[in-house]
Each structure stands twice: as C-alpha cells, then as structure tokens.
Amino acid sequence: SSLFAPVELAPRDPILGLTEQFNADTRTQKVNLGVGVYGDENGRLPLLQAVQQAEARLLATPRPRGYQPIDGAPAYNKAAQALLLGSDHAAITEGRAVTVQTLGGTGALKIGADFLRQWLPQADVVISNPSWENHRAIFERAGFNVGTYPYYDADSHGLDFEGMVKHLESLPAGTIVVLHACCHNPTGVDPTPEQWQRIAAVVQSRGLLPFIDMAYQGFGDGLQEDAATVRLFAGLGINVVISSSFSKSFSLYGERVGALTLLTTSADESARVLSQLKRTIRTNYSNPPTHGSAIVSTVLNTPELAQLWEQELAQMRNRIRDMRGQLVSKLAALGVQQDFSFILSQRGMFSYSGLSPEQVARLCNEFGIYAVGTGRICVSALNPNNLDYVAQSVAQVYK
Ligand code: PLP
C-alpha cells in the first residue's frame, strides 16, 4: 500500500477548468472571456517591443547565470519601488521603504503573508467580497483566519462604499486589510479618489494594516494615476505592505516578475524587516530568477525603453477602454433594455457584467462564449473579430 494513499484529489481551478473546456469545444465560433490575460486586437498575447529590445540588449552582452542576492537585483528593486512611490518619495529618501524581488504578484503575496504570520500572529486578514480567488487561499495557507468586508453592490453594479467603511471601522487594530490598488479583480469596480481618502482615514485611525495588491498598474487610468492609492497610504506615515506584479503590465506572465514592498517607520526598522524577509525567501526558494527581472530592470532603467513601454502600456489600456465603450454601445444599438453604462466606469481587464449564472450557461451552451459563472468577463479578450458576435449573443440571452 502507498504512503500517499490518503492524498485526496483537489478540486480543479475553476478558471483554468473553463479554459480546458473551451479548448475542447469543437465549435468554430467560440470566445473565451474567462481568462485573465490581455489579448491584443487579434486575440493574441502580445510580446511588447520594449521587452524585445531589452532582451536584445541583454543578449548582446552574454553573462553567466550566478545566484542573485536573496532579495533580488538592487537596480530592479529600486525601479519597482520608484514605479510605486515616485523616486523622490520621503519613504524612499528616509530609508522607510523595503523592496524585495518576488515570483510575480503571487510570490509577493505569499512572502508578505508568511512574514506577517510570523510577526503579527494575532492578526486576522480581511479581503473584499468578492476578491481574486487566490487571496483567501494564500492567506489561509499562511495560517491566517480570512474574513471579508463588503465591496461589490450587485444592485448598483458599483461599490458598497458605506458597507465597506462601516465594516473597516469595526475591525480590531492590527487587522490586515487586503486592498486592490486599482482595476479590482474580479469586479472592475474601484473606489473614487474621495472614497479612497475616507478608506485611508479609517485604516489610519483604526490602526489597521493595509496590504495593497497592485497587479494592474497602468491598466486603469495611467501609470502615475494608478499609483495614487499607494501614495495616499504611503503619505500617512503608517506601515503599509504592497505586492506588485509585472505579469500584465509587461506581458511577462511566465517569467514571474513581481516585488514586495513594506513601508516602515524608520531606517532601523527597515533593516530588521529586510533581514527577516530574506529569511522568509531563503527558506522558500532561496533567491529569485534572473531573466524576467533583468528585462524589467533594463526597460525601467533605460529612458527610451521606459518611454516605449509606457506607450505600449497605454495602447493596452486604451484598447480595453475602447472595447468597453463599443460593447456598451453595440448592446444599446441591439435594443437591449438593460443599462450597461456601468461597464464604462469599471477599470482594468475585468468586468462584473451583471450576467446571471443562467445567462452565462446559455452563452456557453448556445454560443460557445465562455465566462465565469459569477458573470465576470475579461474585457481584454474582446476584439474587433469577436465583438459583434459577443454583443449579439449577449443580446439574445437578455431577450
Ligand atoms: N493579484 C491580483 C488581484 C491578480 O488578479 C493577479 C493575477 O491574476 C495576481 C495578484 C497575481 O499576479 P502574478 O501572475 O504576477 O502572480
């Protein structure tokens, strides 16, 4: 008998399962709106020019592949930090910002969660309702109790702001509050700048610990605009944890490039925090890989490549916005009574479309259009080749 006999079969990842189902679908006209990656106007995953040029530069000077420092490449960490805070931010000049390279945004969340579990063992975690599936799983695996705070309001297709603030006000000091910096996944609904002010004030007055997940910087309103939330919290002088991902913004999903930044209250605290983060990393995967971070670092530290990247990022952002606009106007033109204008104020790759589970099932069964059962659609999977078909099919299920 096997010692592994007690191992139970884990449930399938619902979104990856959807893609498997999509791939097995033999219909010629089919659309996968379930995925979480950006597709260009031809539905293809882009390889950015800035990335290609950075890679060409790197290849021009072949280098041996030694170990990186445990916390990653200094030039990369500095650039990642500057992207979040701006290079002259007081937290940086005063030595209150600690940044380590991580394996994507997920790796940043995991290292952050493990670190916090060790040093704030009494704390609970709250995530938005709903949130990215992996938030709960990562923090629970790290040993935390994970609760939720009200976030999405299905009736208004917007934010349950009063519910959210009221809940945050009720939390014990030290509670870790996971916030989406911009482009909330899965809903696409973000607080307004004024609402963020109030959220920040509650977090500060209640002594909560904001853990800000920044997976889509540049996909909302712009690189700098999307950093406003992080900078608002950084300006309070409180402890803040930030996970960054470059998977989407550089279209480097498989390279696993991300960063974890902790804001402390002194340079001395920073040194202690960094020493412990390194231990956490050392006992997980020892040190991060070289290639992806070298690409990102080359782009961010070479002005003409950084400029090119910003242009390409703006193209992706504007294309998604354009698809939102076209979807809404096509649905209206098809005579759908339902008001879909809320899709225009949502940001990022996703939209809680308001489609019911039954409508999602009909789209799949009758039209080969795959969306998540919650009604989440990936707007960046829309393109000029499938938009009319998607709009017409959605119109059918609203009849
Ligand atoms: N956080 C959120 C909210 C996400 O949507 C994602 C990716 O889908 C991540 C983190 C993880 O990003 P990465 O692929 O860099 O691990």
Side-chain angles (χ1 to χ4, degrees), residues 13-16 18-19 32-39 45 48 51 72 76 80 83-84 99-114 125-142 146 148-149 151-152 176-191 210-220 226 229-230 241-261 281 284-285 288-289 291-293 295-296 313 316 320 346-352 372 374 376-381:
D13 181 282
I15 292 176
L16 297 184
L18 201 66
T19 297
N32 188 357
L33 301 180
V35 289
V37 296
Y38 175 88
L45 191 65
L48 301 188
V51 167
Y76 168 86
L83 212 51
L84 283 179
T99 299
V100 296
Q101 184 186 329
T102 59
L103 306 184
T106 307
L109 286 155
K110 171 63 177 158
I111 294 300
D114 280 354
V125 172
V126 289
I127 62 176
S128 59
N129 181 21
S131 196
W132 180 50
E133 294 281 338
N134 224 2
H135 278 152
R136 170 178 294 282
I138 289 169
F139 284 96
E140 282 184 348
R141 283 255 160 173
V146 178
T148 60
Y149 56 85
Y151 191 82
Y152 181 70
I176 299 158
V177 182
V178 178
L179 299 161
H180 298 232
C182 64
C183 308
H184 186 270
N185 178 6
T187 64
V189 173
D190 289 335
F211 194 134
I212 308 178
D213 189 9
M214 174 72 103
Y216 301 96
Q217 187 173 358
F219 275 87
D226 293 350
T229 308
V230 167
V241 183
I242 308 140
S243 49
S244 313
S245 165
F246 297 124
S247 302
K248 321 277 152 79
S249 56
F250 278 82
S251 194
L252 279 176
Y253 302 82
E255 291 289 352
R256 313 310 297 136
V257 260
L260 175 68
T261 298
I281 293 168
N284 267 290
Y285 52 84
H291 191 65
S293 61
I295 294 171
V296 169
L313 186 55
M316 294 195 275
I320 298 174
Q346 295 170 338
R347 287 284 174 276
M349 308 229 296
F350 302 111
S351 168
Y352 250 29
V372 184
T374 53
R376 186 191 87 164
I377 60 169
C378 181
V379 184
S380 61

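First listed ligand is number 1; within each ligand, the first listed atom is number 1.
Rounding to the nearest 0.5 Å gives a distance of 9.5 Å between OG of S245 and CG of L252.
Residue T106 touches ligand 1 through backbone and side chain together, judged by heavy-atom distances below 4.0 Å. When heavy-atom distances to ligand 1 are checked against a 4.0 Å cut-off, Y253 has no atom that comes that close, whether in backbone or side chain.
By the 30° and 60° cut-offs, the orientation of the rings of H180 relative to H135 is perpendicular.
A 4.5 Å side-chain heavy-atom check between F139 and L109 finds at least one atom pair inside the cut-off. Using a 4.5 Å heavy-atom cutoff, the side chains of P130 and Y352 are in contact.
The single protein non-hydrogen atom nearest to atom 12 (O) of ligand 1 is S245 OG, 3.7 Å, given as residue, atom name and distance. Of the protein's non-hydrogen atoms, the one nearest atom 9 (C) of ligand 1 is W132 CH2, 3.5 Å. Ranking the protein heavy atoms by distance from atom 7 (C) of ligand 1 puts K248 NZ, 2.8 Å first. With respect to atom 1 (N) of ligand 1, the closest heavy atom belonging to the protein is D213 OD2, 2.5 Å.
For ligand 1 and S247, the ligand atoms under 4.0 Å from any heavy atom of the residue are 13 (P), 14 (O), 15 (O). The atoms of ligand 1 that sit less than 4.0 Å from any heavy atom of N185 are 4 (C), 5 (O). Taking every heavy atom of G104 and a limit of under 4.0 angstrom, the matching atoms of ligand 1 come to 15 (O), 16 (O).
Here's the thing with H135: none of its N/O atoms is less than 3.5 angstrom from an N/O atom of ligand 1. Residue G105 has at least one N or O atom closer than 3.5 Å to an N or O atom of ligand 1. Of the N or O atoms in H180, none lie within a sub-3.5 Å distance of an N or O in ligand 1.
Other residues, nucleotides and ligands contribute at most 12 non-hydrogen atoms within 6.0 Å of the CD atom of E133.
Aromatic ring centres of H184 and Y151: separated by under 6.0 Å.
For A215 against K248, the heavy-atom pair with the smallest separation is O-CG, 3.6 Å. Of all heavy-atom pairs between D226 and G220, the closest is OD2-N, 2.8 Å.
Assignment of H184 to the shell around ligand 1 is not supported, since no heavy atom sits closer than 4.0 Å.
Between the side chains of S351 and Q346, at least one donor N or O lies within less than 3.5 Å of an accepting N or O.
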